[in-house]
Amino acid sequence: MEEVRVEKGRVYLKLEGDEAFITFGINEEEKVIVVSTTFVPENHRGKGIAGKLTAKLVEYAQENGYKIYPLCSYTRKYLERKRPDLIKE
């Protein structure tokens, strides 16, 4: 499995001809990442991939001083469980 990467508006992981990803926007003025979608291809679900993507997003947020506004239900649940301090309401 390849390394989880962050690029403009995306956290992603290449998977055997497929891709799992999180899409987000950034409000620089408020220092907030707005997460819209987490997607893992059906044949790769249940392997902890969404968690790895979200962990990378959390790392990116911390390194850059951002809070996270999770529109995505998976991201919200992950943050509530592991990093409630990063949630921006």
Side-chain angles (χ1 to χ4, degrees):
M1 197 178 302
E2 286 199 28
E3 179 184 343
V4 176
R5 299 183 185 278
V6 180
E7 66 179 30
K8 189 174 173 134
R10 299 176 66 222
V11 177
Y12 68 97
L13 177 64
K14 298 275 187 200
L15 304 160
E16 303 146 21
D18 229 330
E19 190 175 74
F21 59 86
I22 291 174
T23 56
F24 63 89
I26 296 177
N27 178 331
E28 284 295 348
E29 197 173 294
E30 294 186 32
K31 298 296 279 178
V32 175
I33 294 173
V34 180
V35 178
S36 50
T37 306
T38 300
F39 174 78
V40 177
E42 203 165 317
N43 57 327
H44 293 285
R45 292 181 186 164
K47 300 177 183 176
I49 293 170
K52 287 180 182 148
L53 293 171
T54 308
K56 186 69 168 184
L57 179 75
V58 165
E59 180 183 301
Y60 179 78
Q62 285 184 284
E63 287 173 358
N64 294 283
Y66 294 122
K67 294 280 191 179
I68 300 172
Y69 182 73
L71 297 174
C72 166
S73 61
Y74 179 88
T75 304
R76 176 168 291 283
K77 287 178 189 139
Y78 181 100
L79 293 173
E80 285 172 350
R81 242 183 9 257
K82 299 187 176 191
R83 291 305 306 269
D85 58 302
L86 290 178
I87 298 173
K88 170 78 172 173
E89 294 296 347

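These figures come from a predicted structure and were not determined experimentally.
Put simply, Ile26 and Val11 are part of the same group of oily side chains (I, L, V, M, F, W, Y) that touch within less than 4.5 Å, one to the next. Under the 4.5 Å side-chain heavy-atom criterion for grouping Ile, Leu, Val, Met, Phe, Trp and Tyr, Val34 is not connected to Leu53 through any hydrophobic cluster. Leu71 and Val35 are not part of a single hydrophobic cluster, where members link through side-chain heavy atoms under 4.5 Å apart. Cluster annotation: Phe39 and Tyr78 are assigned to distinct hydrophobic clusters (Ile/Leu/Val/Met/Phe/Trp/Tyr, side-chain heavy-atom contacts under 4.5 Å, transitive). Residues Ile49 and Tyr74 share a single hydrophobic cluster, defined by chaining ILVMFWY side chains whose heavy atoms lie under 4.5 Å apart.
Across Lys31 and Asn64, no two heavy atoms sit closer than the pair NZ-O, 3.1 Å. When all heavy atoms are compared, the tightest approach of Pro70 to Leu79 is CG-CD1, 4.2 Å. Across all non-hydrogen atoms, the minimal contact from Leu13 to Val4 is CD1-N, 4.0 Å. Closest approach of Arg10 and Phe21 over heavy atoms only: NH2-CB, 4.1 Å. In plain terms, the two heavy atoms of Val58 and Leu86 that are nearest each other are CG1-CD1, 3.6 Å. Val32 approaches Tyr69 most closely through the heavy-atom pair CG1-CB, 3.7 Å.
Residues Ile33 and Tyr60 form a side-chain contact, since some pair of their non-hydrogen atoms from C-beta on lies under 4.5 Å apart. Between Cys72 and Ile22, the closest side-chain pair of non-hydrogen atoms is not below 4.5 Å.
By the 4.0 Å N-to-carboxylate-O rule, Arg76 lies close enough to Glu89 to be salt-bridged with it. With respect to Glu80 and Lys77, no salt bridge is recorded, no charged nitrogen being found less than 4.0 Å from a carboxylate O.
In this structure, Lys67 contributes its side chain and Glu30 its backbone to no donor-acceptor pair below 3.5 Å. The backbone N or O of Thr75 lies less than 3.5 Å from no partner atom in the side chain of Thr54, so there is not a single donor-acceptor pair.
Taking the side-chain contact (heavy atoms from CB on, under 4.5 Å) definition, one finds that Glu42 meets it with Arg45, sequence neighbours left out. Residues passing the ring pair (Phe, Tyr, Trp, His ring centres under 6.0 Å) test with Tyr66, sequence neighbours excluded: none.
Between Arg5 atom CZ and Glu19 atom CD the span is 11.0 Å, to the nearest 0.5 Å. Taking CG from Asn43 and CG from Asp18, the interatomic distance works out to 6.0 Å, rounded to the nearest 0.5 Å.
Applying the 6.0 Å contact sphere to CD of Glu16 captures no more than 12 heavy atoms from other residues, nucleotides or ligands. Counting non-hydrogen atoms of other residues, nucleotides and ligands closer than 6.0 Å to NZ of Lys88 gives a total of 12 or fewer.
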